[in-house]
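This report refers to the structure that appears directly beneath it.
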2 protein chains.
Amino acid sequence: MMKQLSILAKIENQMERFSRAEKKIATYIMEHAELVPNMTTKELSRNAGASEASVVRFCKAIGIGSFTALKLALVRELTIADMNINDFSIIEKQDTPYDLFNKVTYVNKAAVEATTTTIDKRELEKAAEAIAKAGKILFYGVGGSAASAMDACYKFTKLGYVSAMSPDFHTMLPLVANLEKGDVFVAISTSGRTKDVLEIARFAKKQDATVIAITKLDTSSPLYKEANIKLCLPDVEQDHRIGSMASRMTQLNIIDALYLITFHRMGSLVLDKFHETREEVVRLRR
Amino acid sequence: MMKQLSILAKIENQMERFSRAEKKIATYIMEHAELVPNMTTKELSRNAGASEASVVRFCKAIGIGSFTALKLALVRELTIADMNINDFSIIEKQDTPYDLFNKVTYVNKAAVEATTTTIDKRELEKAAEAIAKAGKILFYGVGGSAASAMDACYKFTKLGYVSAMSPDFHTMLPLVANLEKGDVFVAISTSGRTKDVLEIARFAKKQDATVIAITKLDTSSPLYKEANIKLCLPDVEQDHRIGSMASRMTQLNIIDALYLITFHRMGSLVLDKFHETREEVVRLRR
DNA sequence: TCTTTTTTTGAAATTTAATTTCTTAATTTT
DNA sequence: AAAATTAAGAAATTAAATTTCAAAAAAAGA
């Protein structure tokens, strides 16, 4: 029922979609998975009969940020396969609540872990830089992503930023209209194809704000293409009837990172104000 | 038969033999093994307080051919050992954004994992039962827990429940006033001592609603004592300056479980309505 | 204690690997 | 068939790992 987070399964599933060179690479990896972690792009490209560039592009195509990340993910997967933990991956009729809880826990843990395969070091640095320089930060996500936007907004408010969010398109419009050059707009959409989010992101860009996208690594999605900075989520898509649970975990993991990075960067400068807030909170304790 | 020593064990064994720089590197690896696979020689050397050359030499010293090989070996080992959770509050001055990201990821993963230590099978079953019988479900959390409440509300609305939430005390009052016997009120407060949440929870109880608490396992907290059903969060140690990030992860993990359990229980009965919603969503695709 | 020798270390240079850019080739669309 | 789009590899760039080498620290011998 719940789809695998497994790299090899993902490759197999997408096999028809792949282009000629990608197919060669995919086939080679499927057949020699255990060798790949010890290879370089040059070796793999030579063995598969494609170019190094295609190897790197292939990684993005399957939603993994870099060749090195693919190698690490493969090692993990092959190690796990040896251990046979995979009975977690399927929900069964006779599952008790506690079984289901354990399965959810496993999936969420794996989802958080998978974020390391899609995050790009430099994009993260760019994001940190942009946020550090921003006057205002807006967050926007709808449906399942609204809660992530809310969480992010709360966190950055705590840091002393002028921050806002709303799951409502019409409320966002005037907020975005007031963005200025150097301000930051964070668009949260796992698919990268949510119309409302896209439209507001374009508007924010027109206002000269820096647009940070928190979205699935999918080079063909409109949000991915539009954004100034891309913080990519792993593709943890699950049963379409259930909807994505784990993807919120990955969104929040990235938001936590942004928060911690900003906090760390501000350093002791803000700690005083921070403590003031805290004391007041304790005093008013509700 | 000679037992194959793991890398970490091997490092520990040889600790006395190491030179000064090697010792620093060994210590860092022992203490942050899970971070090393995503590091470069430069990062590791900086974090450990030694040079890149020493990192490479260290690998040879423990009988591993290259730094890359060490990283792969560590991944294998950690995947098998799968987390010995000790390591919170691990932020250092010189951490780069990417370092911080990896640390957050590790902490969040560990937090999700830790949920398994505090959840009680029977409480979970009671919660599932109560929700199945409920007409309405309310969620209430303030501050950092508001986003969790929002997420939960969205999920249960998708399942066809009459569900509401607000981070605003005054908005909650009339909502709770309309609760009837058998309805469910879910109070989300990690500390279990948030005044607003407590007051509303008491009110809900007076209305004969079933009060489910999502709160830290702490038998002396008022919310823990008041609640009909307790779904307990692990006590994720938190830096008080930073505030809890990981605790939201644990809240959401439990919410995901409740959602999945309810979904599972409803079974195919609702799938039709579910699909209708989905088709409409696709049609209106925004 | 004071050389001398040996070992350890990190800075800089080199080599190797990964990624991006740019151009050409192939494919699809009109 | 022409135009537009997409795919692919060669070459250039950037980043990572490794080696070299000179200086510092420690050990050995006077």
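Lettering follows sequence order; numbering is per chain, from 1.
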Practice task
Under 4.0 Å between any heavy atoms, over every strand shown, what does B:Lys71 touch: base, sugar-phosphate, or nothing? Just pick one.
Solution key: sugar-phosphate
Exercise for the section: Measure from the side chain of B:Ala53, starting at C-beta and using heavy atoms only, and say which of C:dA11, C:dA18, C:dT9 lies closest. Expected result: C:dA11
Handout entry: Touch class at under 4.0 angstrom, heavy-atom based, for A:Ser45 against every strand present
Key = nothing
Practice task
Identify the 5'-most and 3'-most nucleotides of DNA chain D with at least one atom closer than 4.0 Å to a non-hydrogen atom of chain B.
Solution key: D:dA16 to D:dA26
Handout entry: Nearest-angstrom distance from the residue atom CZ of B:Phe67 to P of C:dA17
Key = 16 Å
Practice task
Nearest whole angstrom, please: distance from the P of C:dT19 to the NZ of A:Lys42.
Solution key: 15 Å
Practice task
Kindly state whether the ring of B:Phe58 and the ring of B:Phe67 have centres lying under 6.0 angstrom apart.
Solution key: no
Problem - Sugar-phosphate only, base, or nothing, as touched by A:Lys23 at under 4.0 Å among non-hydrogen atoms - result: nothing
Handout entry: B:Arg17 CZ to C:dT7 P, straight-line distance once rounded to whole Å
Key = 16 Å
Problem - Inter-residue atom distance A:Ile200.CD1 - A:Tyr140.OH, 0.5 Å rounding - result: 5.0 Å
Handout entry: Earlier contact from the 5' end, DNA chain D, for A:Gly49 and B:Cys59
Key = A:Gly49
Problem - Aromatic ring proximity A:Phe203/A:Phe185, centre distance under 6.0 Å - result: no
Practice task
Take the protein atom CG of A:Leu70 and the nucleotide atom P of C:dA18, then report the distance between them rounded to whole Å.
Solution key: 11 Å
Handout entry: Plane angle bin for B:Phe101 and B:Tyr98 - parallel if under 30°, tilted between 30 and 60°, otherwise perpendicular
Key = parallel
Practice task
State plainly whether the residues A:Lys10 and A:Glu77 are in salt-bridge range, i.e. N to O under 4.0 Å.
Solution key: no
Fill in the blank from the handout: A:Arg20 has its side chain closest, among C:dT20, C:dA26, C:dA17, to C:dA26
Practice task
Answer with yes or no whether the side chains of B:Asn253 and A:Thr105 bring together a donor and an acceptor at under 3.5 Å.
Solution key: yes
